[in-house]
Amino acid sequence: MLLIVSGGIAAYKALELVRLLRRANIAVTAVLTAAGARFVTPLSLQALTENRVYTDLWSLTDESEMGHIQLSRATDLVVVAPASADIMAAHAAGLAHDLATTLLLATDKPVLVAPAMNVRMWQHPATAANVATLATRGVRFVGPDEGEMACHEHGPGRLAEPAAILAAIETFFARSLLLAGRHVLVTAGPTQEPIDAVRVIANRSSGRQGYAIAAALAELGARVTLVSGPVFLPDPPGVVVQHVETAAQMLAACAHALPADAAVFAAAVADWRMAAPLPAKLKKSAGPPALDLVPTVDILATLCRPGPNRPGLTIGFAAETDDVVGRARAKRLAKGCDWLVANDVRPETGIMGGARNQIHLFTQDTEEHWPDLHKQEVARRLAQRIAAALGMTPGSRA
Ligand code: CTP
């Protein structure tokens, strides 16, 4: 793993963390920021990691041996400990002004952040907003702890104990390869069905839940193909993304991506399309158009039909506004999928397009009603369940 040590009095604890990591047989490459180097020396980190320490984006020797892009990719996990308010702000803003921030921007690997700062800095709305931004992008956090600080103030902001950071890292590695060698297909976002040259039939899906699921599966080591309708989200790290617009294109991209060990159909596919979209722009002066609509292809039902290319585990989604549970039960059987994830998309729930979700999971023999969770957390739990269903428990790893 790559350990970024940024500036702060807690940087000395990074040395203890490295000692614990090495004892746990985890290979560490350290990157020290200029501020971090005011608290610990490159030599201490080098001695403890038994690896070269990187400090300078502009070092000709470092760059010729291992360029910063390669450094950011040749790792399984990036850990920032301690993470100052400054490095989190820079990463939230997408800045790349030194080696550490450039690596954070360039990496396609999961990032775990252990913040450490004065309590007021931690509680400042700017820091809170940066933490929320990073969490939404899938960055994981460990700590901070609450307690007496170096500045004699009391409250949250202390670096998590090295043992707790080690535990978070070990949990990551224990889970990370659960889906290694497996291919999972995910659909996400809305589809758009053209009416004329400029207008489309669309819906409010943001793609967030599907994108989070794709990212969570990739974090577990799966090869993930994400077929996405038009959304305003960055491609999740480590995921192959096929961008499509219409239901027909989505089906074609999914069929092309098969075979898959599992498939998660989170997309909000349009149910209707124009029988014959108009090639030119309809003029307003012609009056309100009569829309001649026909059903779109049902991707989920099509790909759940028995056949050699049916994914091993198929998971449909149901967006419902009434009788969520009853309709979801019926929908699972009607679509022929193994599992169905239902959510209540009445506007007052804020689920469609929002950051949180409350799902009901229907499997062949269980019905579960999950609590209200961040969409990333729903995704992580679902990815764990998929790994377990495919027989990939920590004990069964090759
Ligand atoms: N789905 C699909 N192709 C479609 C419509 C839906 O693959 N043309 C999938 C969705 O990705 C989701 C599931 O079917 O996994 C259920 O979608 P939903 O919109 O809840 O149900 P519909 O089949 O559209 O039925 P209704 O709108 O009547 O509830």
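Each ligand, and each atom within it, is numbered from 1 in the order the structure gives.
Looking at Leu303, Val264, Val269 and measuring to atom 4 (C) of ligand 1, the nearest heavy atom belongs to Val269.
Taking CG of Leu300 as the reference point, atom OG1 of Thr314 lies at 7.0 Å (rounded to 0.5 Å). Put simply, CG on Leu99 and CD1 on Ile4 are 7.5 Å apart, with the number rounded to the nearest 0.5 Å.
Proximity of Ile299 to ligand 1, defined as any heavy-atom pair under 4.0 Å, is shared by backbone and side chain alike. Contacts between Lys331 and ligand 1 below 4.0 angstrom, taking non-hydrogen atoms only, involve the side chain exclusively. Counting heavy atoms under 4.0 Å from ligand 1, residue Ala301 does not touch it at all.
Looking only at protein heavy atoms, the nearest one to atom 15 (O) of ligand 1 is Phe265 O, 2.6 Å. The nearest protein atom to atom 27 (O) of ligand 1, hydrogens excluded, is given as Asp271 OD2, 3.1 Å; this is a heavy-atom distance. Annotation: atom 13 (C) of ligand 1 to nearest protein heavy atom, Phe317 O, 2.8 Å. Regarding atom 6 (C) of ligand 1, its nearest protein heavy-atom neighbour is Lys335 NZ, 3.7 Å. Protein heavy atom nearest atom 9 (C) of ligand 1, with residue, atom name and distance: Leu300 CB, 3.7 Å. Atom 8 (N) of ligand 1 has Val297 O, 2.8 Å as its closest protein atom, hydrogens excluded (heavy atom only).
In this structure the side chain of Val18 never reaches within 4.5 angstrom of the side chain of Leu15, judged on heavy atoms. Under the 4.5 Å side-chain criterion, counting only non-hydrogen atoms from C-beta, Leu185 is in contact with Cys254. Under the 4.5 Å side-chain criterion, counting only non-hydrogen atoms from C-beta, Trp122 is in contact with Val131.
Close N/O approach between Gly316 and ligand 1 is not found [any backbone or side-chain N/O within under 3.5 Å].
Under the 4.0 Å distance rule, the nearest protein heavy atom to atom 24 (O) of ligand 1 falls inside the cut-off.
One finds no salt bridge joining Lys13 and Glu16 here, because no Lys/Arg side-chain nitrogen approaches an Asp/Glu carboxylate oxygen to under 4.0 Å. One finds no salt bridge joining Arg305 and Asp298 here, because no Lys/Arg side-chain nitrogen approaches an Asp/Glu carboxylate oxygen to under 4.0 Å. Salt-bridge formation is not detected for the pair Glu148/Arg158: no Lys NZ or Arg NE/NH1/NH2 atom is positioned less than 4.0 Å from an Asp or Glu carboxylate oxygen. With salt bridges taken as basic N to acidic carboxylate O contacts below 4.0 Å, one links Glu219 and Arg140. A salt bridge links Arg385 with Glu368: the closest approach of a Lys/Arg side-chain nitrogen to an acidic carboxylate oxygen falls below 4.0 angstrom.
Against a heavy-atom cut-off of under 4.0 Å, Ala318 is close to the following atoms of ligand 1: 20 (O). Interface of Thr296 with ligand 1, defined as ligand atoms under 4.0 Å from a residue heavy atom, comprises 8 (N).
Between the side chains of Asn118 and Glu153, at least one donor-acceptor pair of N or O atoms lies under 3.5 Å.
Distances shorter than 4.0 angstrom occur between a heavy atom of Ala270 and an atom of ligand 1. Distances from ligand 1 to the non-hydrogen atoms of Thr302 include no value under 4.0 Å. By the 4.0 Å heavy-atom criterion, Ala267 is counted among the residues contacting ligand 1.
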